[in-house]
Amino acid sequence: MTRIDVRSAARRLRDGRVVAFPTETVYGLGANALDERAVGRIFVAKGRPSDNPLIVHISDERMLAMVAARVPAVARRLMRRFWPGPLSLVLTKHPAVPRAVTAGLETVAVRMPDHPVALALIRAAGLPIAAPSANRSGRPSPTTAAHVRADLPRVMVLDGGPCQHGLESTVVDLTGERPRVLRQGAITLEQLRAIIPGIRVARATGQRPASPGMKHRHYAPDVPLRVFATRASMSRYLRAHKGVRELMLPSDAASAARALYHALRNPPAGAREIVVTLYPESGAGRAVNDRLRRASQG
Ligand code: TXA
Ligand code: MG
């Protein structure tokens, strides 16, 4: 990874094409957030449903004014504490942001990534960059350049090594009556509560999902996954069924987050089903459990 790579990637973005790049959470598939046709290429490359909006990535606060019409005081507080970092804020969108980015919503999700390559790329392009995770739609998010190449062989990838968090950003909606967590992620609920004590987690079910992304199938491993609340119940199941293997993850939840998507992409050889025990519902465990539950559905 050289400066030349970043420069040529930035040129591609300005030309309206897509580039995959590392962030501290997962790899993103980026395009100029202000160019409807460029953004359309993201959906085509991923096979992504067009009703699932994208997160816009910025490198400085000046860019925020290009994509958000209003920035409430609570947003400023969260930005001061967590940016650059893995927190996406849903704000009222600026008219310049095309519908393709927001899937027709009047709101836009924005974050400033905490990764030197991502920041250098956005700065060099001089543009806000819309980027979903750089996986084929439905697959586990990529945490290495090799994962991106496996899913999107024709896309240019900036290789920044393995991602630090391994789980996507936390998404917080600030456009409703009260702040709500739409997606748990690398910033924990406990960290958010230190700034907004009353913050709630939006329920994942119901006719109208709070976040459009929540209704789509996600993180599908190649082999069916079954989750258990306790190790004892998982062990009983393992003893009673042939061809079932345990998905091996570190016992500490933050380390498990880093290892999770690679593990889901590389299930134990010969397994017809994989099983795992959920983590305690606190800190990084909440987001890991959320992804495990989603990966086990369907
Ligand atoms: O860590 C991340 O957030 C990574 C890296 C690349 O930044 N990106 C990522 O993007 O995970 P994606 O597209 O896989 O997930 C975006 C999530 C989806 O759940 C989507 O529904 C939600 O953010 N989202 C985006 N815009 C929204 C909006 N205006 N209102 C509500 N939810 C929104
Ligand atoms: Mg994704």
Side-chain angles (χ1 to χ4, degrees), residues 18-31 33 39 42-43 45-58 67-69 82-94 97-115 117-119 121-122 128-143 147-148 151-152 157-158 160 163-176 179-187 202 204 208-220 257 261 287 290-291 294-295:
V18 300
V19 171
F21 62 96
T23 82
E24 77 281 32
T25 59
V26 301
Y27 276 72
L29 181 64
V39 170
I42 293 175
F43 288 89
K46 288 195 53 156
R48 181 178 174 107
S50 60
D51 62 348
N52 194 2
L54 307 178
I55 295 170
V56 176
H57 297 66
I58 60 174
V67 296
F82 297 112
W83 281 10
L87 180 67
S88 296
L89 300 177
V90 174
L91 302 167
T92 306
K93 92 174 190 68
H94 189 287
V97 179
R99 294 174 56 86
V101 172
T102 64
L105 298 173
E106 285 309 309
T107 58
V108 63
V110 190
R111 85 179 188 98
M112 190 186 294
D114 186 16
H115 193 289
V117 175
L119 290 171
L121 177 67
I122 301 165
I129 301 298
S133 48
N135 50 282
R136 239 184 322 108
S137 193
R139 297 260 296 152
S141 298
T143 53
H147 295 160
V148 179
D151 273 17
L152 307 171
V157 191
L158 289 177
C163 299
Q164 178 199 337
H165 291 288
L167 272 193
E168 298 85 348
S169 65
T170 302
V171 180
V172 172
D173 183 4
L174 299 175
T175 64
R180 281 190 315 164
V181 177
L182 300 186
R183 178 177 74 181
Q184 307 228 44
I187 298 290
R208 266 190 81 233
S211 180
M214 288 170 133
K215 71 171 185 281
H216 294 293
R217 176 131 173 68
H218 270 116
Y219 318 111
Y261 290 144
D290 171 78
R291 303 306 190 271
R294 284 170 199 272

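Order of listing sets the numbers, starting from 1, for every ligand and every atom in it. Note that these values count all heavy atoms, side chains included, but never hydrogens, waters or copies made by symmetry.
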Could you tell me whether some N/O pair between E168 and ligand 1 is separated by less than 3.5 angstrom?
-> no
Among I42, L29, T107, L91, closest by heavy atom to atom 28 (C) of ligand 1 is T107
For the student: nearest non-hydrogen atoms of T25 and A186, plus distance | CG2-CB, 4.5 Å
Any donor-acceptor pair under 3.5 Å from K46 side chain to S133 backbone | yes
Would you check if the Mg ion (ligand 2) lies under 2.8 Å from any N, O or S atom of S141?
-> no
Looking only at distances, please establish whether an N/O atom of ligand 1 is found under 3.5 Å from an N/O atom of R183.
-> yes
Heavy-atom contacts with L105 under 4.0 Å: which atoms of ligand 1 show up? List them by number with element.
-> 28 (C), 29 (N), 30 (N)
Heavy-atom proximity to atom 16 (C) of ligand 1 ranks first, among V172, I55, L54, N135, for I55
Indicate the ring-plane relationship of F21 and H57, choosing parallel, tilted or perpendicular according to the 30° and 60° boundaries.
-> perpendicular
CG-CG distance between L182 and D173, expressed to the nearest 0.5 angstrom | 5.0 Å
Considering only heavy atoms of H57, which atoms of ligand 1 have at least one such atom less than 4.0 Å away?
-> 5 (C), 6 (C), 7 (O)
Among V110, V171, L182, D51, whose heavy atom sits nearest atom 23 (O) of ligand 1?
-> V171
Are K93 and ligand 1 in contact, using a heavy-atom cut-off of under 4.0 Å?
-> no
Side chain, backbone, both or neither: which part of N52 comes within less than 4.0 Å of ligand 1 when only heavy atoms are counted?
-> side chain
Looking only at heavy atoms, the pair that brings P142 and C163 closest together is O-SG, 4.4 Å
Which atoms of ligand 1 are found less than 4.0 Å from any heavy atom of G28?
-> 6 (C)
Where A103 and S50 come nearest, the two heavy atoms and their spacing = CB-O, 3.5 Å
What closest approach, in Å, do E168 and Y261 show between heavy atoms, and which atom pair accounts for it?
-> OE1-OH, 2.8 Å
Counting only heavy atoms, which portion of R48 has something under 4.0 Å from ligand 1: side chain, backbone, both, or neither?
-> side chain
For atom 1 (O) of ligand 1, which candidate among V26, V108, T25 holds the nearest heavy atom?
-> T25
I would like to know whether V39 and L54 meet side chain to side chain contact (heavy atoms under 4.5 Å, CB included); could you show each step before the answer?
-> CA-CA 9 Å; V39 170; L54 307 178; 3.7 Å; yes
Heavy-atom contacts with S133 under 4.0 Å: which atoms of ligand 1 show up? List them by number with element.
-> 8 (N), 9 (C), 10 (O), 12 (P), 14 (O)
Which heavy-atom pair separates S88 from S169 by the least distance, and what is that distance?
-> OG-OG, 2.8 Å
